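Step one of this worksheet: look at the structure below.
Starting from 1, each residue takes its place in the sequence as its number. Just so you know, these numbers come straight off a predicted model, no measurement behind them.
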Amino acid sequence: MFGIVDILPYLTNGEMHNEDDTLILRSPNRKTSFELPIELLEAISDLAEQEGISISKWVEQKLTSIIK
């Protein structure tokens with residue numbers, strides 16, 4: 001099961017399409033890769049785990065806080 005909070009990013013920034021009576025939601029995110037030293041990646045992984053979120057979400061939150 002999922003709630004509105006799970007699909008909110010798709011509704012506000014993503015794409016929605018109705019095809020053959022099926023609602024298709026496309027993510028507003030783009031997959032990005034970059035190289036990090038192993039020690040830094042391990043530290044980020046530990047911090048994300050402590051907060052109960054994915055590494056990707058942790059990095060997104062930290063970058064957003066710096067940019068805004």
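For Glu51, the side chain to side chain donor-acceptor pair (under 3.5 Å) partners are Trp58, not counting sequence neighbours.
Heavy atoms of other residues, nucleotides or ligands lying less than 6.0 angstrom from CD1 of Ile38 number 12 at most.
With contacts defined as side-chain heavy-atom distances shorter than 4.5 Å, the pair Val59/Lys62 does not qualify. In this structure, the side chains of Asn18 and Ile24 stay at 4.5 Å or more apart for every pair of heavy atoms. A heavy-atom distance below 4.5 Å is not found between the side chains of Ile55 and Leu47. Side-chain contact check for Gln61 versus Ile53: some heavy-atom pair is nearer than 4.5 Å.
Here the straight-line distance linking atom OG1 of Thr32 with atom CD of Glu60 works out to 10.5 Å at 0.5 Å rounding.
Nearest heavy atoms, Ala48 versus Ser54: CB-O, 3.7 Å.
A donor-acceptor pair under 3.5 Å is absent between the side-chain atoms of Ser45 and the main chain of Leu41, judged by distance alone.
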